[in-house]
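For this chain, numbers begin at 1 and follow the sequence in order. Basis for what follows: all heavy atoms, side chains included, without hydrogens, waters or symmetry-related copies.
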Amino acid sequence: MESWNLLRFLFRNLFGVWSILMVMWPVNGFRPLRQRRSWGEEWLPIGKDDQELGPFSSWNVTGTYRGSWKFPDSANSSSKFADFRKSNGNSILELISTPTKITGVHYVKGVIIFHGVFDNENDVHGARIRVEGVYIWPFRQLRMVANSGKESEFGQEDDYLLSNPYHLLGVFSSQVFQESPREKIWKRKQSPIYEMEKHCNIEIAAKISRVSSRRNGGDQDKYYLEGVMESPSVDDDVDCFSPMLLNATSVNVEVYYNKAVNYTLMVTFISFLEVLLLIRQMEHSNTQSGAAKVSLLMIGHQAIMDAYLCLLHLTAGILVESLFNAFATAAFFKFVVFSIFEMRYLLAIWKANRPSTNGENWETMRRELSVLYSRFYGILLGGILVMYEFHNFLRIILLLLHSFWIPQIVINVVRDSRKPLHPHYILGMTITRIAIPLYVFGCPHNFMRIEPDQRWCISLAFFMGLQVFILLLQHYLGSRCFIPRQILPEKYSYYRRFLQGSNHHATDCVICMTAIDLNQRSNDCMVTPCDHFFHGSCLQRWMDIKMECPTCRRPLPPA
């Protein structure tokens, strides 16, 4: 019995040792696979920084990716969809990744927006494809197909888009600067992409790698997506279009936030400068005669521009809740500029141009003011309707909006006004007015995702520079310096000849109460149409305040 127990004990120990060896042998055999790169890593260009995370680290690929697409050939060789006439363009990917019950597999859903697919560059939403698939994160593999069967208006990816400021501001800028939603829906139905989703199986195979912050110079790591989009046809073996190469890099939302905040700081600083320039101009024309020389249309034009900018920034702040404080601050400063300072200056100019109504009753004054406000806000609302209906010509409309110096130039010529605007006001307001449109249409990295238009920026700068050049000429050389003398009307000369002995009693200047030398003819003596004599400097200072004779109070013609 004892021998049997000994044999059974030896058999159990030997069987246990053999089992341990059998279990450890395959583990030791697979251990070199853990040490070398897996199949996915051999296919992916993962650098040393990516190996630090380990071959089986999970990456969250949810986010916005911006990149480009292109055909390997010079042109698309497909005959099924010949509308793909361009060989490259820009693309934006919005992806949402959620874990699944299967280890190593994430479910991916999102939208791909192709820019520049067709000849019409504004056809953004016509090249919008919903996609879904899986992300096998141990091998960094992304597999997606077109999700055209589901026609739900709002899905999980739409919830992400509605909370993404990068996408929201891009949609907002496309609606403001490109086309209306009604046209986008019509183009969506008429687009070849809409037909392609019905007759083609769109397949996307991509690999994802990580670019460390030390390489891209940023504060956080970025993900790089590179792959191929194919389109085998449902009906036959012919592809709908040639294989398309895709590449995109994740967008750093923090950088995008900083761009938007910096823009609002720029608008706030510009508004502060405009307030200082308006105060300087109001001091320059603080008299009734000086205010009457300023064009009412010019100030009203600038007030309407500031009102538009106030509404635009307030709408952008409401659209993107996370940036509401920044955009609301910029809108508030623009509101202060147009509602307090410019409207106050507008009323001062209106009052200076109507001196006869100052002594009338309050009912007449209120009636005149109601007409002024009705015209101002009527033009403000009418301009919004015009820009909505003619949004395709918005760049031309912006050029017309920046022609606010033209009414002042015309009034200077008609009235022969003498230095109505301060040079600092002319130069400062020109720079502050063109700063925002030059940023939107000239900066290649603007946060509104609008393609730069160098020709339009040059046209705007030249147009504004020409207006400023004419105003400065009128300020230093005279309001009619560029008009030939032959076509100018006759003017009264305050240095006209007079007969000696006539008005000999008027030898004292009633302004400075000093004697006037009538024996020697010089430029220091000026004669009014009512034959009253004054010193030249005294009468010019008087005419800057009132265009009336200091002696008999008769109206005086322009000097």
Side-chain angles (χ1 to χ4, degrees), residues 44-45 61-78 81 83-95 108 110-131 133 135 140-146 157 161 164 166-167 169-171 173-174 177-178 191-193 196 200 202-211 215-218 221-231 239-253 255-256 259 441-454:
L44 292 174
V61 297
T62 300
T64 303
Y65 295 79
R66 185 177 183 180
S68 60
W69 63 269
K70 67 177 180 178
F71 289 109
D73 301 332
S74 59
N76 181 27
S77 60
S78 171
F81 288 94
D83 292 322
F84 288 85
R85 299 171 184 172
K86 295 189 177 182
S87 59
N88 55 63
N90 298 325
S91 61
I92 296 176
L93 287 79
E94 308 280 356
L95 300 180
V108 179
V111 177
I112 300 180
I113 302 174
F114 295 96
H115 296 263
V117 174
F118 311 105
D119 289 339
N120 186 5
E121 295 182 356
N122 295 334
D123 192 6
V124 177
H125 286 264
R128 182 172 181 264
I129 302 176
R130 296 171 179 258
V131 293
Y135 167 52
R140 313 294 187 238
Q141 300 294 317
L142 182 64
R143 299 289 187 270
M144 294 185 296
V145 295
E157 76 279 1
L161 297 182
N164 190 349
Y166 181 83
H167 181 77
L169 289 176
V171 172
S173 61
S174 65
F177 294 101
Q178 292 180 2
S191 174
I193 295 291
M196 185 185 66
C200 301
I202 300 177
E203 301 175 356
I204 299 175
K207 57 183 179 180
I208 298 178
S209 58
R210 193 186 68 166
V211 182
R215 292 183 183 179
N216 55 39
D221 298 339
K222 292 185 177 181
Y223 296 108
Y224 179 74
L225 185 148
E226 184 178 7
V228 180
M229 187 175 77
E230 298 178 346
S231 60
D239 293 341
C240 294
F241 55 86
S242 300
M244 181 186 297
L245 299 180
L246 299 175
N247 66 82
T249 306
S250 61
V251 177
N252 191 345
V253 180
V255 174
Y256 194 70
K259 286 184 179 181
F441 295 100
C443 180
H445 303 289
N446 62 81
F447 74 97
M448 299 190 72
R449 290 163 49 189
I450 297 176
E451 293 295 330
D453 192 348
Q454 186 178 4

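Atom-to-atom distance recorded for Met144:CE and Leu93:CG is 6.0 Å, nearest 0.5 angstrom. To the nearest 0.5 Å, the span separating OG on Ser209 from NZ on Lys222 amounts to 13.0 Å.
Here the options are Arg143, Gln141, Arg140, the test is side-chain contact (heavy atoms from CB on, under 4.5 Å), and the partner is Tyr135; only Arg140 passes.
Shortest non-hydrogen contact noted between Ile113 and Val111 is CG1-CG1, 4.0 Å. Nearest heavy-atom pair, Pro452 versus Pro444, reported as atom, atom and distance to 0.1 Å: CG-CA, 3.5 Å. Leu95 and Val61 make their closest contact through CB-O, 4.0 Å (heavy atoms, listed as atom of the first residue, atom of the second, distance). Of all heavy-atom pairs between Pro243 and Phe71, the closest is O-CD2, 3.7 Å. Across every non-hydrogen atom of Tyr224 and Asn247, the tightest pair is OH-CB, 3.5 Å. Across all non-hydrogen atoms, the minimal contact from His445 to Lys259 is O-NZ, 3.3 Å.
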Pair Thr64-Ser250, side chain to side chain contact (heavy atoms under 4.5 Å, CB included): steps then yes or no: CA-CA 6 Å; Thr64 303; Ser250 61; over 6 Å; no
Side chain to side chain contact (heavy atoms under 4.5 Å, CB included) assessment of Leu142 paired with Leu225: CA-CA 9 Å; Leu142 182 64; Leu225 185 148; 3.5 Å; yes
Stepwise side chain to side chain contact (heavy atoms under 4.5 Å, CB included) test for Val228 and Ile204: CA-CA 6 Å; Val228 180; Ile204 299 175; over 6 Å; no
Verdict with reasoning, Ile129 to Ile202, per side chain to side chain contact (heavy atoms under 4.5 Å, CB included): CA-CA 9 Å; Ile129 302 176; Ile202 300 177; 3.9 Å; yes
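With contacts defined as side-chain heavy-atom distances shorter than 4.5 Å, the pair Tyr65/Ile92 does not qualify. Considering only heavy atoms from C-beta on, Val145 stays 4.5 Å or farther from Val131 through its side chain. With contacts defined as side-chain heavy-atom distances shorter than 4.5 Å, the pair Asn90/Glu451 qualifies.
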